[in-house]
Amino acid sequence: MISHLSLTKTDTVSPSISLQTDSNGFEFLIIEHDKLSAALTLHGGHLIHFQKTGQQPIIWLSKSAIFDKNKAIRGGVPICWPWFGPAGPELGEGLPAHGFARTSKWALDNVQESVEGVIIDLKLNSNNETLKLWPYEFELTLQITLNEQLKLELITENKSDLPLTYRSALHTYLNISAPEAIHLSGLNKQFYNSLNNKCLETGDTTLLIDQAIDSIYKKANTEIMLKDQQFQQTLTIVNTGNDSEVVWSPWVEGAAAFADMPDNGYQTMLCIESAITQGDGQQVKAGEKHSLTTLIK
Ligand code: TA6
């Protein structure tokens, strides 16, 4: 399923889901269903593969991804939470980029299977380690729905006595045939250009990818469409609970600088992220929940 991984089955979770490990004991949930194949890791609550039977993979995983309990995985859908990018100065120095959810160990909470596909619930709860990094009690639920569509729902429940604010991204790495074959439409016209001091710029609602891009678009007013001429497919992306969509390609120099991405890796991926990045972030009152989703169909 993932050519560069050599896994051994250690347990059966349900008819189409098994627990498997690599030679270092790194745990994977492998889904082999008539309608689709998929894989995720409990480390990071990280979907690393999704492919409908007979079709191209929708999710991209770096061929040189590193599976290490202290690192984030390159590719898949990293869960950036409870901050996006560097931590705010109010939280202190030396905190990990994009938060700690993507490097935390999640627990498998529930699985449901049907002829259409599977739904997997993962949980991450605050603990002594997370409280050192971020002073709130929380329960985070990631519901991954894999069927004709791919849906990720990240539910943040505030279990502390005070309101919290969080920022986040479902940092989806999409598999593409080649940059010149794709056409992205439906984006907002206004975006903060991270490659130009986060200046607010105005562009077209359609985009061709022919250079590095790292832009935080204000939330789209319509569905986002990623047309891939070579794959002869169009993905439609619908996000909720977000205030922005991040579009990222590291291009030649960016890929070359990553130890966990082949030099040509940028040619087969594009990140389109359902994100909370604006202002102080999303507030969640004590005892309440907020849900961030992305749906790819
Ligand atoms: O979402 C875009 C971004 O924030 C970029 O600025 C880029 O560096 C990328 O994420 C990857 O971050 P990472 O920490 O996973 O290397």
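This one's a predicted model, so the numbers in the text were calculated from it and none came from an experiment. Just follow the structure's listing: the first ligand is 1, and inside any ligand the first atom is 1.
- Near Phe84, the atoms of ligand 1 lying under 4.0 angstrom from a non-hydrogen atom of the residue are 1 (O), 4 (O).
- A side chain to side chain donor-acceptor pair (under 3.5 Å) with Ser16 is found for exactly one of Glu32, Lys35, His33, Glu113, namely Glu113.
- The shortest contact between atom 10 (O) of ligand 1 and any protein heavy atom is with His171 NE2, 3.0 Å.
- Here the protein heavy atom with the shortest distance to atom 14 (O) of ligand 1 is Arg102 NH2, 3.0 Å.
- For an aromatic pair to be called close, the ring centres must be under 6.0 Å apart, and Trp248 with His171 satisfies this.
- Under a cut-off of 6.0 angstrom, the local environment of CD in Glu90 is crowded, with over 12 non-hydrogen atoms contributed by other residues, nucleotides or ligands.
- Counting only N and O atoms by type, the side chains of Gln20 and Lys9 include no donor and acceptor under 3.5 Å apart.
- Protein heavy atom at the shortest distance from atom 12 (O) of ligand 1 is His98 NE2, 3.5 Å.
- For Tyr166 and Phe138, the ring centers are positioned 6.0 Å apart or more.
- Ring geometry, His43 versus Phe26: the interplanar angle exceeds 60°, so the pair is classed perpendicular (tilted spans 30 to 60°).
- With atom 6 (O) of ligand 1 as the reference point, the heavy atom nearest to it among Thr277, Asp260, Ile213, Asp214 is part of Asp214.
- The protein non-hydrogen atom at the shortest distance from atom 11 (C) of ligand 1 is Trp248 CH2, 3.7 Å.
- Contacts between Met261 and ligand 1, counted as non-hydrogen atom pairs separated by less than 4.0 Å, are absent for every part of the residue.
- Close approach to Glu273 involves these atoms of ligand 1, each under 4.0 Å from a residue heavy atom: 1 (O), 2 (C).
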